[in-house]
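Presented below is the structure to which this report refers.
Residue numbers start from 1 in every chain, and the chains themselves are labelled A, B, ... in the order their sequence lines are given, proteins ahead of strands.
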Amino acid sequence: MADPLLSVAERLAPAFAAVAGAACDPVVRPTDRADAQANGALALAKSLGMQPREVAQKVLDAAGDLSDMLASVEIAGPGFINLVFTDDFLAAQTVTSLESSTLGVHASPSPHTITIDYSSPNVAKEMHVGHLRSTVIGDALARVLSFVGHNVVRENHIGDWGTPFGMLIEHLIDLGEDNAANELSMGDLNGFYKEARRKFEESEEFKTRARHRVVMLQGGDAETLQYWRTLVNESTRYFNKVYSQLGVLLNDADLMGESAYNDLLAEVVQRLNKAGVLETNDGADVVFADGFTNRDNEPLPLIIRKGDGGYNYATTDLACVIDHVERVGAKASLYVVGAPQAQHFQMIEAVSRKAGFLPDDCSINHIQFGSVLGADRKMFKSRSGDNVKLAELLDEAVERAAAAVAEKNPDMSAEDRAAVARMVGIGAVKYSDLASDRIKDYIFDWDRMLAFEGNTAPYMQYAHARICSIFRRAGIDRASVRSAQLQIADPRERALAFRILRFDAAVWEMVDTLSPHKLCTYLFDLASDFTSFYEHCPVLKAESDDVRLSRLLLCDATARTIAQGLALLGIESPEQM
RNA sequence: GCGCUGGUAGCUUAAUGGAUAGAGCAUCUGACUACGGAUCAGAAGGUUGGGGGUUCAAGUCCCUCCCAGCGCGCCA
């Protein structure tokens with residue numbers, strides 16, 4: 001563990017325990033009045049019936065000599081203990097943490113298997129901005145959970161089953177399989193879907209065929225299944241193109257379409273029945289969970305099997321719970337799905353518990369996120385009122401980034417510029433999606449996103465590129481400075497080293513809250529601390545070789561931390577831009 | 001009607017119950033023979049939607065009201 005706050009909390013805990021007579025959290029927090037602050041005495045004072053400052057003093061008496069770690073310990077205000085680390089302690093900790101492959105981030109003390117369901121586009125439908133958030137947030141969480149040692153199982157629940165496939169397959173047959181595959185591979189998924197939909201609505205004959213086709217599909221008719229596979233394969237090939245462009249981890253091995261749960265659906269019904277929770281209501285098989293009511297304040301059921309005998313997405317999701325617990329061995333299941341589905345997931349969890357599908361030591365966690373809005377604060381749409389195609393949006397981001405790179409760095413080769421533009425453009429889109437609390441809606445604004453100032457990916461990428469430039473210009477191998485002595489003299493050097501040590505805490509805040517914006521905030525602070533250091537502390541022209549080496553060490557450490565932090569968010573760090 | 005989620009500076013936003021609510025953009029003032037100015041230093045900008053309450057301590061917890069968005073049985 002690199003975080004100095006954790007180190008000092010560990011050091012103070014026995015002293016607090018001695019005073020309290022039981023285990024007691026020192027409550028070490030960041031503060032702008034010192035490096036850290038222990039607030040535990042305030043809470044403790046009440047239960048001990050003592051003055052908080054008196055408690056704080058007793059704790060410090062019990063703690064003994066802390067001078068190897070702390071330069072200053074002060075009781076302040078009502079009973080805060082303000083803590084300032086020694087420069088030597090920070091320097092030594094920094095050097096130690098930089099030797100670890102995780103840059104000081106401690107591993108999970110209880111690693112386990114976690115499933116994470118994200119992206120989930122629909123077959124034969126275009127990916128749009130609605131999928132952006134799930135894909136980007138899910139990917140960042142998958143990366144960070146894996147980084148701290150969990151066994152992460154990614155699942156992409158593509159919509160590859162259900163009634164729309166009747167009309168889609170019939171439309172495919174009308175077009176001819178080759179023509180249809182060609183159309184789909186061109187990425188014109190919306191046109192295909194809309195045309196199928198139009199025919200379904202306008203033609204009774206087509207509608208009849210479509211309904212019949214659904215029955216054949218669910219009955220396992222070989223020819224129908226072949227058409228279905230064509231639809232799925234062409235679509236996933238297109239999804240993979242988008243994923244590649246976006247730079248996310250998802251691949252074919254992560255595909256877990258709704259169809260994958262088909263064989264479990266009947267079993268779900270059987271098990272619910274066996275558990276004695278299944279009821280019949282208005283011709284449907286349902287489960288009532290406590291606390292859910294409809295408009296008329298009557299109990300609201302979760303429909304497991306529709307009146308026509310068909311299953312729906314609740315059935316699939318329950319099958320998924322069983323699959324996660326029993327096959328995958330997951331202790332936690334994360335579903336990165338928009339906020340409007342909150343009640344659905346609450347009901348899935350409630351029914352899963354009630355039926356015994358979900359043991360007490362297993363959890364379901366709906367990773368909710370708000371909507372992407374346009375400048376008018378309504379759902380983000382194109383001028384024509386359609387969903388904005390994700391692929392086109394990403395292309396535009398890269399084009400805009402390319403223009404900016406061409407302007408700022410005209411000497412760069414076209415090849416390098418294309419690569420950098422992709423990292424910067426895609427990074428900007430991803431970062432803007434991750435940088436604010438995921439529960440809130442955010443306004444998609446090209447100007448703000450691509451104004452490469454403030455809390456944006458390019459600001460951090462720029463700091464990274466400048467560091468690379470220092471080493472490149474001086475012809476110094478970055479790895480060669482890692483054994484240097486770190487000297488902390490200037491306040492900016494100190495602030496930077498301290499910030500680097502806090503990477504551990506930042507990563508864990510993201511893990512604990514499953515909120516990527518926590519890490520974004522940290523990286524912005526880190527980049528800000530670096531640029532301030534960079535302006536005020538000459539590196540290559542430092543006053544002595546020792547200082548120069550020490551500062552090169554800090555530069556390298558900063559670049560590694562920025563690159564690692566951005567990588568955990570799924571964002572690349574170019575060496576020049 | 002019931003439920004969920006938001007409401008913080010002109011705009012975008014941060015803040016594990018802790019002291020003086022922290023940033024960025026825009027605005028204003030400074031700093032360029034620049035280790036990459038896609039920068040830095042500074043100023044100004046807040047009754048944290050209103051009102052009660054709990055607490056040594058509330059943007060944060062509870063109650064209530066207002067505003068906005070979303071959800072509320074056979075779509076996913």
Side-chain angles (χ1 to χ4, degrees), chain A residues 27 29-33 37 39 42-43 45-46 51-52 76-80 82 120 122 157 159 161-164 258 281-286 291-308 310-314 316-317 338-344 346 368 370-371 373 377-379 404-405 407-409 424 432 435-437 439-443 445 447-448 451-456 458-459 461-463 465-471 473-474 509 512-513 517-518 520-521 524-525 528 531-532 534-542 548 551-552 555 576-577:
Chain A
V27 197
R29 299 282 183 262
T31 173
D32 54 1
R33 303 187 176 229
Q37 181 172 76
N39 298 334
L42 287 153
K46 183 94 174 178
Q51 291 300 315
F80 303 111
N82 287 339
S120 309
N122 291 312
H157 288 187
W161 207 248
T163 46
E258 289 163 22
N281 193 282
D282 291 344
D285 291 338
V286 306
F292 298 94
T293 56
N294 66 12
R295 275 177 223 278
D296 303 318
N297 212 25
E298 296 160 347
L300 176 69
L302 187 66
I303 294 178
I304 307 301
R305 196 170 196 193
K306 299 183 286 185
D308 66 5
Y311 303 108
N312 66 7
Y313 74 132
T316 306
D317 283 349
Q341 303 221 33
Q343 182 176 266
H344 170 70
Q346 284 167 16
Q368 308 185 45
S371 305
L373 306 180
R377 293 190 161 274
K378 293 181 177 160
M379 294 296 282
V405 173
E407 183 193 332
K408 301 291 182 186
N409 202 341
V424 172
S432 75
S436 61
D437 196 350
I439 194 66
K440 300 168 92 165
D441 296 346
Y442 81 95
I443 296 170
D445 182 336
D447 290 338
R448 187 179 304 123
F452 300 147
E453 296 159 320
N455 188 9
T456 65
Y459 178 80
Q461 290 172 322
Y462 180 60
R466 282 168 123 184
I467 294 170
C468 293
S469 172
I470 292 173
F471 285 92
R473 170 169 295 238
E509 262 195 272
D512 288 339
T513 61
H517 80 279
K518 302 276 187 184
C520 293
T521 302
F524 178 57
D525 290 339
S528 300
T531 48
S532 181
Y534 179 86
E535 291 285 332
H536 298 97
C537 301
V539 177
L540 296 178
K541 294 174 193 160
R548 184 170 184 263
R551 287 179 179 169
L552 282 166
C555 285
Q576 52 182 323
M577 58 192 282

Might you list the N or O atoms of the protein lying below 3.5 Å from N or O atoms in nucleotides 9-13 of chain B, with each pair's distance?
| residue | atom | partner | partner atom | Å |
| --- | --- | --- | --- | --- |
| B:U12 | OP1 | A:Arg377 | NH2 | 2.5 |

- Task: Please name all residues satisfying side-chain contact (heavy atoms from CB on, under 4.5 Å) with A:Thr513, sequence neighbours left out, ordered by chain then number.
- Result: A:Ser515, A:Lys518
- A:Tyr534 stacking on B:C35: centroids under 5.5 Å, ring planes under 30°? yes
- Task: Specify the separation, in whole Å, of atom NE2 of A:His536 and atom C1' of B:A31.
- Result: 9 Å
- Task: Check whether any side-chain N or O of A:Tyr313 sits under 4.0 Å from OP1 or OP2 of B:A76, and answer yes or no.
- Result: no
- Message: Dot-bracket, 5' to 3', for RNA chain B please: Watson-Crick or G-U pairs under 3.5 Å, [ ] where pairs cross earlier ones, | where the partner sits on another strand, dots elsewhere.
- Response: (((((((..((((....[...)))).(((((.......))))).....(((((..]....))))))))))))....
- Message: Tell me whether A:Tyr462 and B:G36 count as stacked here, given that the ring centres must be under 5.5 Å apart and the planes must differ by less than 30 degrees.
- Response: no
- Task: Take atom C1' in B:U8 and the same atom in B:A58, then report the distance between them in whole Å.
- Result: 14 Å
- Query: So does A:Arg473 get a side-chain nitrogen or oxygen closer than 4.0 Å to the phosphate oxygens (OP1/OP2) of B:G36?
  - Reply: yes
- Item | Residues which pass side chain to side chain donor-acceptor pair (under 3.5 Å) with A:Ser436, listed by chain and number, not counting sequence neighbours | none
- For A:Ala284, which contact category applies under a 4.0 Å heavy-atom criterion: base, sugar-phosphate, or nothing? base
- Query: Does A:Asn281 get its side chain close enough to the base of B:G73, under 3.5 Å, for a donor-acceptor pair?
  - Reply: yes
Sub-3.5 Å pairs of nitrogen or oxygen atoms, protein against nucleotides 25-29 of chain B:
none

- Item | Flag for A:Thr531-A:Tyr459: side-chain donor and acceptor within less than 3.5 Å | yes
- Residues two or more places apart in sequence or in another chain: which of them pass side chain to side chain donor-acceptor pair (under 3.5 Å) with A:Arg305? none
- Can you tell me how far P of B:U20 sits from CZ of A:Arg33, to the nearest Å? 7 Å
